[in-house]
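These notes concern the structure reproduced below.
Residue numbers start from 1 in every chain, and the chains themselves are labelled A, B, ... in the order their sequence lines are given, proteins ahead of strands. The basis for the numbers below is simple: all heavy atoms, side chains too, and nothing from hydrogens, waters or symmetry mates.
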2 protein chains.
Amino acid sequence: MGLPMRGADLARKATATDVALAAGVSKWTVNRAFKKDAPIAEESRLRVLAAADRLGYRPNLLARSLTTKSTQQVAVLVDDFANPHKLPVLHLLTAALQRERLVAVLVNIDEQNGPVDAILDADQRQVDAVVLLGTSFRDETLRQPALNAARAPLYVLARESTLDAVKAVSCDAAASMEAVGLHLVARGYRRPGFMSGPRTLSTVLGRSRHFAAFWADRGIEAMLDIAVGTYDRRAAGEAMGRYLAATPASDRVDVLVCENDALAIGAMDAARFGCGLDVPGDLAFVGYDGTDLAAAPAYDLTTYEQPMAAMVDRLVDMIVGRLDPTTVSLEGRLVVRGST
Amino acid sequence: MGLPMRGADLARKATATDVALAAGVSKWTVNRAFKKDAPIAEESRLRVLAAADRLGYRPNLLARSLTTKSTQQVAVLVDDFANPHKLPVLHLLTAALQRERLVAVLVNIDEQNGPVDAILDADQRQVDAVVLLGTSFRDETLRQPALNAARAPLYVLARESTLDAVKAVSCDAAASMEAVGLHLVARGYRRPGFMSGPRTLSTVLGRSRHFAAFWADRGIEAMLDIAVGTYDRRAAGEAMGRYLAATPASDRVDVLVCENDALAIGAMDAARFGCGLDVPGDLAFVGYDGTDLAAAPAYDLTTYEQPMAAMVDRLVDMIVGRLDPTTVSLEGRLVVRGST
DNA sequence: AGCACCGTTGCACCCGGGTGCAAAGAGGGC
DNA sequence: GCCCTCTTTGCACCCGGGTGCAACGGTGCT
């Protein structure tokens with residue numbers, strides 16, 4: 001009697017019906033025992049819980065989701081694993097989601113698997129929301145008619161959105177570029193330049209444009225913009241090397257503001273180790289994101305820190321419905337270090 | 001007639017029954033139309049597919065998983081987001097899983113949410129497998145009786161396992177520490193030290209022990225081991241600072257092998273910028289992992305590169321059943337740079 | 001013509017749990 | 001003792017799609 005039952009137990013997970021049998025009640029009573037504020041006698045609840053414990057029963061969340069129409073899953077789409085900043089963002093995001101008993105489904109967007117397919121796929125999995133942590137796709141991509149069938153609300157994090165249907169939680173580009181600009185003016189820099197990543201990205205254009213506007217207001221027009229095309233450290237170094245090789249010292253910028261820390265670090269390495277320049281003496285650098293590495297003494301990079309924790313909190317507030325979905329942009333703060 | 005239908009369409013996703021109605025067949029035929037090699041007339045298949053397309057129908061993967069007992073989801077448990085190396089690992093892992101049409105559920109393990117709870121939770125979600133990317137928990141934790149109820153196979157990646165039920169895919173600690181040791185001997189280093197992360201971790205003890213054993217074989221016993229307790233760059237720097245402050249130059253090690261690149265980078269920064277030491281002149285450093293940052297000219301760190309792509313491929317082979325689950329350990333390669 | 005056979009289709013019932021409602025039981029007031 | 005009410009429980013049926021089997025029709029064969 002012992003062995004066959006064990007065998008069965010091992011092969012198959014206990015279901016509510018099994019527990020009901022063991023506790024001498026109906027399966028619906030088992031269901032109630034696991035539901036907060038359900039009308040059930042305390043005594044039966046305890047009996048059910050004891051039986052459940054004995055059988056190692058835990059409700060099948062899949063089956064539950066089928067009727068409740070809520071999977072407690074949020075798809076997180078990432079298209080730029082080369083940027084180290086994504087890791088702390090994922091950390092904050094998963095932590096914030098888990099506080100609400102939500103879980104992140106991490107989806108890699110690349111050539112094989114574009115954003116539209118990924119969204120449709122996630123929607124088929126009935127996720128409660130889709131968060132785009134992407135950088136290199138275009139807004140227009142999300143306007144594709146195929147996406148109309150998808151029911152999961154779409155959010156973009158740490159970049160702006162021009163689409164009504166896609167709410168964005170980002171860091172205020174105008175305010176941040178003004179903070180950077182004011183700092184540079186105060187330090188006496190007069191020949192600013194910008195280094196940008198993927199060209200397709202509204203955020204890039206945003207930061208770059210706001211930075212240029214800041215200087216245009218002060219009579220400095222036609223700013224240099226080194227377009228790297230990706231957020232890759234190496235690529236930034238190569239682009240920087242090309243710029244330095246092509247430009248005599250007297251014509252160079254005196255400070256380079258980079259669209260993020262990864263670019264700044266690559267560019268800084270090229271300037272220091274490739275061309276023997278002094279930072280910030282010959283050339284100053286500013287990053288964006290406030291990554292951990294920017295704080296390392298080997299870089300000591302002045303950077304604009306995005307208020308990522310607050311941004312993630314807002315985002316999760318919207319996902320769980322505590323906040324009406326809207327596009328919000330928060331202000332971060334400039335962290336001044338030795339690179340300027 | 002247009003509006004009400006639209007309203008209904010928007011409120012509710014089309015189901016197989018809806019498509020069946022539209023195509024003039026039964027819902028089972030709809031089902032067949034979406035199944036490869038199902039017995040269905042080509043003509044009906046096309047008719048169904050057209051109707052599905054018209055209605056924006058895509059099968060509900062949740063409902064499917066309920067009967068097929070396969071969710072195509074793999075839980076990935078991470079407990080150390082401070083280590084930048086986790087990002088490329090996640091990249092490789094999600095990419096490899098997606099190639100098999102599997103998706104990663106990313107779960108954050110911390111104080112609020114321990115490994116056991118996370119595994120049970122993932123199991124309730126009926127994931128097909130659980131991959132532990134953890135470092136700071138103990139093997140014994142996984143022996144807890146509560147886990148017996150869980151049916152999902154457990155794997156650990158990039159660390160060893162002493163449990164039969166938990167298969168590990170890791171990088172050969174003995175071989176890697178021998179490669180490092182031989183390199184150091186060839187370069188003439190005679191006073192080696194080791195810097196380790198979390199004490200609870202079998203991998204740490206493994207690498208540290210193998211490295212010590214290598215030198216013991218050559219008559220150098222009682223090796224220094226600086227235990228940092230975490231894999232944090234800053235903590236490593238502080239531990240290094242304390243060591244350098246407490247040890248006169250003549251008594252110091254001449255090379256420090258660190259349990260991973262994050263520690264090496266922190267320790268190296270403390271040595272160079274905190275104490276003005278020359279690397280590798282006064283003190284040499286070796287890392288482990290082969291992170292991108294180790295290649296940056298600002299660090300130029302000699303490091304042992306784990307064959308992560310191959311490891312991930314093996315792991316996924318086991319998950320999809322192409323390979324029988326066993327514990328495997330692969331060999332990586334030493335990347336020699338300027339820090340030794 | 002009669003038969004078997006195959007491709008094709010429909011159906012009953014399953015997966016595991018959730019909902020709304022009705023019935024059963026307990027308790028109180030008259 | 002009766003009735004009414006409230007708590008507790010059971011039940012039918014649902015979520016959306018998957019399985020095994022039976023029945024259907026047409027073909028090719030004898």
Check step by step if side-chain contact (heavy atoms from CB on, under 4.5 Å) holds for B:V131 and B:V156. CA-CA 6 Å; B:V131 176; B:V156 299; over 6 Å; no

Could I get the full list of salt bridge (charged side-chain N to carboxylate O under 4.0 Å, His left out) partners for B:D80, not counting sequence neighbours? none

Between B:S26 and C:dC11, does any side-chain N or O lie under 4.0 Å from OP1 or OP2? no

For B:H91 and A:F81, take the angle between the two ring planes, folded into 0 to 90°, and tell me which bin it lands in: parallel under 30, tilted 30 to 60, perpendicular over 60. parallel

Sugar-phosphate atoms are those with a prime plus P, OP1 and OP2; base atoms are the rest. Using that split, label each nucleotide of nucleotides 13-28 of chain D B, S or - for protein heavy atoms under 4.0 Å, 5' to 3'. --BBBBBB--------

If you look only at pairs with a residue in residues 19-32 of chain B, which of them pass as a salt bridge (charged side-chain N to carboxylate O under 4.0 Å, His left out), with sequence neighbours excluded? none

Heavy-atom closest pair (B:D18 atom, B:K13 atom, distance to 0.1 Å) is OD2-O, 4.0 Å

Can you tell me how far C1' of C:dG10 sits from CG of B:L21, to the nearest Å? 15 Å

